[in-house]
A.B. asks: 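Here's a structure for you.
Indexing begins at 1, ligand by ligand and atom by atom, following the structure's order. Numbering of residues begins at 1 and proceeds along the displayed sequence.
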Amino acid sequence: MADPIISIRNLHKWYSGVHALKDISLDIYPNEALGLIGDNGAGKSTLINILSGVQREDEGEVLIEGEKVHISNPRDAMRLGIETIYQYNSMVPTMSIARNMFIGREPLKFAIGGIGVMDLGQMRRESVKAIADVDLHLRSPDALVGELSGGQRQGVAIARAMHFKSKVMILDEPTNHLSVKETKKVIGFVRSLKEQNVTGIFISHNMHHVFECCDRVVAMARGEIVLDKRIGETSIEEVQEVL
Ligand SMILES: Nc1ncnc2c1ncn2[C@@H]1O[C@H](COP(=O)(O)OP(=O)(O)O)[C@@H](O)[C@H]1O
Ligand SMILES: [Mg+2]
C-alpha cells in the first residue's frame with residue numbers, strides 16, 4: 001500500500017467543557033474516497049476543520065506526505081493542496097462567478113506604471129473552462145453567485161477546487177440542501193475524483209450516499225472513531241450498529 005497522503009496522530013480538541021475529539025488517529029491514502037460518517041455532534045466537522053485550517057488542534061499532529069505541517073488558516077490548507085467544500089459554501093453572493101472562482105488568488109495584469117490590476121478577462125476565460133470541466137452548465141461567468149441554486153453554487157465551489165488542482169478535496173455535508181438530481185451529481189463527482197488523482201473526504205450522515213461513492217468508511221461517535229473499514233467489507237447495517 002502507498003504511504004498515506006494525510007496522517008492524523010493523536011488529535012484532541014476541547015471546546016470549554018466538550019471533549020470534541022478524543023485521541024483521533026487516522027491515515028488517509030492517496031486517491032481514496034473516504035466517507036466520514038456519524039451523528040450530529042460526533043466531531044466530523046471539527047476533525048476536518050483542523051485539516052482545512054478553520055480550527056486548531058489542542059493536541060496531536062497532522063502530517064502531509066510524511067511531513068509534519070502547521071495548518072493555521074485556510075490559506076495554509078490551500079497551499080498544501082487541501083480544498084474544502086462546505087455545506088453552506090464560502091462564496092460571496094454579491095460577486096460574479098468569475099470573481100468567486102478566484103477569491104484570494106486573483107491573477108494580476110500590470111497597467112502603466114507597474115500597478116497590478118485584477119485580470120478580469122483571464123478570470124472570466126478560466127472560469128468558463130473550469131465550469132465546463134466539471135460538466136456544469138451556467139449561462140455566464142458574470143452571473144452573480146447569489147442568483148444560483150444551491151447545487152449550482154456547490155458546482156462552482158467544486159470547479160474552483162478542481163481548477164486549482166487540489167490534492168485533497170474535503171466535502172462537508174455537501175448534499176444537505178440539494179435536490180435529488182443535484183445530489184446525484186455530487187456523488188458522481190466524488191466517485192470520479194480518483195481518476196483525477198484527487199483524494200476525497202466525503203462527510204455525510206447519509207449512509208447510502210457514502211456507500212455509493214466511497215472506498216472506505218470511517219464512523220465517528222462522541223469524538224472517537226468507532227469503525228474503519230473498506231466499503232466492500234462492511235454494510236450499512238454494521239455501520240449503523242456502532243453509531
Ligand atoms: N465552535 C464550537 N464551539 C463550541 N463547541 C463546538 C464548536 N464546534 C463544535 N462544537 C461541539 O463539538 C462537538 C462536535 O461537533 P462537530 O464537530 O460539529 O460534529 P459533527 O460535524 O459530527 O456534527 C459537538 O458537541 C459540538 O457541539
Ligand atoms: Mg458537521
Side-chain angles (χ1 to χ4, degrees), residues 6-28 32-62 69-78 82-91 150-151 153-154 157-158 161 166 168-178 182-183 186-187 189-190 193 199-229 231 234 236 238-243:
I6 299 181
S7 288
I8 293 162
R9 296 206 183 140
N10 307 104
L11 222 55
H12 287 267
K13 178 75 183 177
W14 285 268
Y15 295 109
S16 47
V18 180
H19 196 175
L21 297 179
K22 301 172 183 162
D23 202 33
I24 296 285
S25 293
L26 179 65
D27 284 330
I28 302 168
E32 74 174 339
L34 183 99
L36 187 58
I37 206 149
D39 278 336
N40 275 334
K44 308 180 296 297
S45 292
T46 301
L47 180 61
I48 65 97
N49 282 344
I50 290 171
L51 295 179
S52 58
V54 174
Q55 276 157 336
R56 287 306 301 270
E57 67 278 12
D58 292 316
E59 277 179 32
E61 56 186 31
V62 176
V69 293
H70 296 279
I71 310 174
S72 304
N73 52 55
R75 199 170 283 266
D76 286 347
M78 272 196 235
I82 301 172
E83 287 277 346
T84 308
I85 313 284
Y86 297 96
Q87 168 183 340
Y88 304 101
N89 66 49
S90 53
M91 271 188 276
R153 281 190 207 200
Q154 216 61 290
I158 287 171
S166 64
V168 178
M169 175 99 83
I170 300 174
L171 300 102
D172 190 358
E173 310 261 9
T175 57
N176 272 13
H177 301 280
L178 302 190
E182 289 171 334
T183 298
V186 171
I187 288 172
F189 172 75
V190 173
L193 282 177
T199 306
I201 305 177
F202 176 63
I203 294 131
S204 177
H205 53 246
N206 188 316
M207 213 77 78
H208 296 276
H209 293 171
V210 166
F211 275 72
E212 268 175 60
C213 63
C214 294
D215 306 309
R216 176 180 165 201
V217 56
V218 167
M220 290 183 69
R222 295 163 295 277
E224 292 178 280
I225 292 175
V226 291
L227 178 142
D228 179 351
K229 286 196 171 180
I231 288 287
T234 185
I236 290 179
E238 185 184 29
V239 179
Q240 239 144 15
E241 196 75 6
V242 298
L243 292 184

A.B. asks: Would you say Asp39 contacts ligand 1, with heavy atoms under 4.0 Å as the rule?
C.D. replies: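 Asp39 counts as a contact of ligand 1 under the 4.0 Å cut-off.
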A.B. asks: Which heavy atom of the protein is the closest neighbour of atom 18 (O) of ligand 1, given with residue, atom name and distance?
C.D. replies: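 The closest heavy atom on the protein side is Ser45 CB, 3.8 Å.
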A.B. asks: Students should be able to answer this: which protein heavy-atom is nearest to atom 19 (O) of ligand 1, and at what distance?
C.D. replies: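 In this structure, atom 19 (O) of ligand 1 has Gly43 N, 3.1 Å as its nearest protein heavy atom.
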A.B. asks: Please answer whether the main-chain N or O of Leu21 pairs with a side-chain N or O of His19 as donor and acceptor at a distance below 3.5 Å.
C.D. replies: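 Side chain of His19 to backbone of Leu21, a donor-acceptor pair under 3.5 Å: yes, one is there.
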A.B. asks: Can you spot which of Val54, Leu171, Asp172 makes a side-chain contact (heavy atoms from CB on, under 4.5 Å) with Ile48?
C.D. replies: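 When side-chain contact (heavy atoms from CB on, under 4.5 Å) is applied between Ile48 and each of Val54, Leu171, Asp172, only Asp172 qualifies.
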A.B. asks: Looking only at heavy atoms, is any part of Leu47 under 4.0 Å from ligand 1, and if so is it the side chain, the backbone, or both, or is it neither?
C.D. replies: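 Under 4.0 Å from ligand 1, Leu47 contributes no heavy atoms.
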A.B. asks: Determine, counting only non-hydrogen atoms of the protein, whether one lies under 4.0 angstrom from atom 27 (O) of ligand 1.
C.D. replies: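 Looking at atom 27 (O) of ligand 1, one finds that no protein heavy atom lies closer than 4.0 Å.
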A.B. asks: Please report which non-hydrogen protein atom sits nearest to atom 23 (O) of ligand 1, along with the residue it belongs to and the distance in Å to one decimal place.
C.D. replies: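 Ranked first by proximity to atom 23 (O) of ligand 1 is Gly41 N, 2.7 Å.
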A.B. asks: Which ligand 1 atoms are under 4.0 Å away from a heavy-atom of Ala20?
C.D. replies: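 Numbered from 1, ligand 1 contributes 12 (O), 13 (C).
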A.B. asks: Keeping Ser7 on the side-chain end and Asp27 on the backbone end, is there a donor-acceptor pair under 3.5 Å?
C.D. replies: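 No: the side chain of Ser7 does not pair with the backbone of Asp27.
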A.B. asks: Would you say the Mg ion (ligand 2) has Ser45 as a near neighbour, meaning an N/O/S atom of that residue under 2.8 Å away?
C.D. replies: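 Yes, Ser45 qualifies, because one of its backbone or side-chain N, O or S atoms lies under 2.8 Å.
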A.B. asks: Any non-hydrogen side-chain atom of Val226 less than 4.5 Å from a side-chain atom of Met220?
C.D. replies: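 No - every pair of side-chain heavy atoms lies 4.5 Å or more apart.
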A.B. asks: Closest non-hydrogen protein atom to atom 9 (C) of ligand 1, residue and atom name please, with distance?
C.D. replies: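 Looking at atom 9 (C) of ligand 1, the protein heavy atom closest to it is Tyr15 CE1, 3.3 Å.
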A.B. asks: Do side-chain atoms of Lys13 reach the backbone of Arg56 as a donor and acceptor pair under 3.5 angstrom?
C.D. replies: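 Yes, Lys13 side chain to Arg56 backbone: donor-acceptor pair under 3.5 Å.
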A.B. asks: Please state which part of Val18 comes within less than 4.0 Å of ligand 1, counting heavy atoms only: side chain, backbone, both or neither.
C.D. replies: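 For Val18, only side-chain atoms sit under 4.0 Å from ligand 1.
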A.B. asks: Describe, in one word, how the ring planes of His209 and Phe202 are oriented to each other, choosing from parallel (under 30°), tilted (30 to 60°) and perpendicular (over 60°).
C.D. replies: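 Geometry flag for Phe202 against His209: tilted rings.
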A.B. asks: Where the side chain of Asp215 meets the backbone of Ala33, is there a donor-acceptor pair that is under 3.5 Å apart?
C.D. replies: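 Checked: pair present.
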A.B. asks: Between Lys22, Glu57, Glu59, which is the residue that forms a side-chain contact (heavy atoms from CB on, under 4.5 Å) with Leu11?
C.D. replies: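 In the set Lys22, Glu57, Glu59, the residue that makes a side-chain contact (heavy atoms from CB on, under 4.5 Å) with Leu11 is Glu57.
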A.B. asks: Which residue supplies the protein heavy atom nearest to atom 17 (O) of ligand 1, what is that atom called, and how far is it?
C.D. replies: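 So the nearest neighbour among protein heavy atoms is Thr46 OG1, 2.6 Å.
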